[in-house]
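What follows is one structure encoded as structure tokens, with my remarks underneath.
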Amino acid sequence: MKASSVMSFSKRPVVLIVAAALLIRFVFMPLLTYDFDIYHWALIISNIDSGNNLYDLDGYYYTPVWGYILGFVSAIQQFFVDIGSMGIRFTDMLPLEDLEYPYHISTITSIAFNACMKIPLILCDLAVGYLIYWLVKHRTGSPKKAAYGLALWLFCPVVLYMSSVQAMFDTFSALLLLLTVIMFYKDKCFIGGALFSMAVLLKFFPVFCIFVLLAYVAVKHREDGQLKRKMLESILGMAVMAFILMLPLILNGQVGDAFSFVFGRANDSDPMETVYLLFNTAIAILCAFFFGYRMYRSPSDRSDSSMFAYILFTVAAAVLMSTTPQYVIIIMPFLILYILAEDRAFLKCWIIISVAAFFAALALNNYSLLASLAEYTTIVSPDWLISGMQALETGIFGIDLVSAFATIFQLIQYAGTLLLIIFGLADLVSERYPTLGGIIMRVKGRGAKNEA
């Protein structure tokens, strides 16, 4: 290859975006890790390696798809990578377990294990980025906008943080829902249905999108005589994949264990949290029905654009059920597509949600991100780390700074997500309530309305 060709290739925006995004992730990957979540990934892999299934021993509280992914990661580690010990319980870290914020553990995972766990998440980030690039380019015809969409995803603060620092798997949730929508968009309804079941059995939020997806199939095929066949394909794909994924649990009588995280969290909540959860669940259900209905009423020539929009607004309503920072990641691919294919004004929502969620996670994790460095290197000391975390919980004038800062940023995250839905309803509100609609439009500001 000629030198000029190499230089030309290296200057392509996509290559530079991916290279910079990977560099940042590879720097953070070994240096910073939240102790609590990744400890459980090590525990689950250890349970799998000892011959137990996901629910035989304590430690796994999710529906099964993430456990299957961890089993695959375990197999890769056994056959190709020798990381040694996954983690050690350190007595000098025991004070972590006495902090007011309960989600810390004195068993600190090794730097090698941390890096191995984050590699699949980073690869998943790249896969989602590619799909966003393809979708934006396909919907707008603009490679420049597609590269911008790739950058909005790969440099999204909360996405970057969760894959390369906290090691949470919501990027897989985004990938599966995005693949689901793409398959329905390409009229591959059986595959779309199968992917939908995988997405729901990874994390529960995508289940609210079922009304929009089925309404989209109805709109797309209401006049070509294929409606019943395509609807049957969709439902059959969902049912077959759900049966395959749940079959081991059915045979072992562990179906109830698979949903313990969803129902257990509701049962363990204090009364105010329960009221909050019920209120936002009601919003999510109402929005799911409403946007499904709006999808069904959409004209055929706008069915594709409507589907992407209503999936965005539906999943945004679903994640209102919790202000946990990583949950908003599932919104981002659809929000980025909407910004670039429909309305640039929604970039405000991207900024508010992604930045607030990032700082909320950072406030909750704070010094604990350095726990592996403290125990496996001499860069920082365990005593310094623990004293810093205790000082944050003591705070100033008795104010718990960890909870205070996290709550502030989580409220901003919630407000940004709610604002996204309100912006999405702006045109409809303006038709019926011009004064209120005008206020929303002024807050929203001018965007670029693009026909996809």
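Just the heavy atoms: all of them, side chains too, but no hydrogens, waters or symmetry mates, feed the values below. All of these numbers come straight from a predicted model, not from anything done at the bench.
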**OP:** Write down the atom of His221, the atom of Asp224, and the distance for their closest heavy-atom approach.
**Re:** ND1-OD2, 2.7 Å
Subject >> Closest approach of Leu121 to Met162 (non-hydrogen atoms, all atoms of both residues) >> reply: CD1-O, 4.3 Å
Subject >> Test applied, side-chain contact (heavy atoms from CB on, under 4.5 Å); reference residue, Phe196; option that passes from Leu176, Ile191, Thr180, Leu179 >> reply: Thr180
Original post:
So, do Phe211 and Phe289 have ring centers that fall under 6.0 Å from each other?
Top reply: yes
Original post:
Are Glu342 and Lys145 within salt-bridge range, i.e. N to O under 4.0 Å?
Top reply: no
Subject >> Aromatic ring proximity Phe308/Phe334, centre distance under 6.0 Å >> reply: no
Original post:
Taking it one step at a time, do Tyr55 and Tyr60 satisfy ring-ring contact (aromatic ring centres under 6.0 Å, His included)?
Top reply: CA-CA 6 Å; Tyr55 304 99; Tyr60 189 76; 5.4 Å; yes
Original post:
Is the Tyr103-Tyr101 ring centre distance short of 6.0 angstrom?
Top reply: yes
**OP:** Decide yes or no on side-chain contact (heavy atoms from CB on, under 4.5 Å) for Tyr327 and Asp170, but give the supporting numbers first.
**Re:** CA-CA 7 Å; Tyr327 292 164; Asp170 292 78; 3.6 Å; yes
Original post:
Is the gap between the ring centers of Tyr62 and Phe169 under 6.0 Å?
Top reply: yes
Subject >> Euclidean distance, Met29 CE relative to Ile24 CD1, rounded to 0.5 Å >> reply: 13.5 Å
Original post:
Taking the six-membered ring for Trp, are Phe313 and Tyr338 parallel (under 30°), tilted (30 to 60°) or perpendicular (over 60°)?
Top reply: perpendicular
**OP:** Compute whether any side-chain donor of one residue and acceptor of the other, for Tyr133 and His138, lie under 3.5 angstrom apart.
**Re:** no
**OP:** Describe, in one word, how the ring planes of Tyr276 and Tyr414 are oriented to each other, choosing from parallel (under 30°), tilted (30 to 60°) and perpendicular (over 60°).
**Re:** tilted
Original post:
Which value, rounded to the nearest 0.5 Å, describes the distance between Asn252 atom CG and Met246 atom CE?
Top reply: 11.0 Å
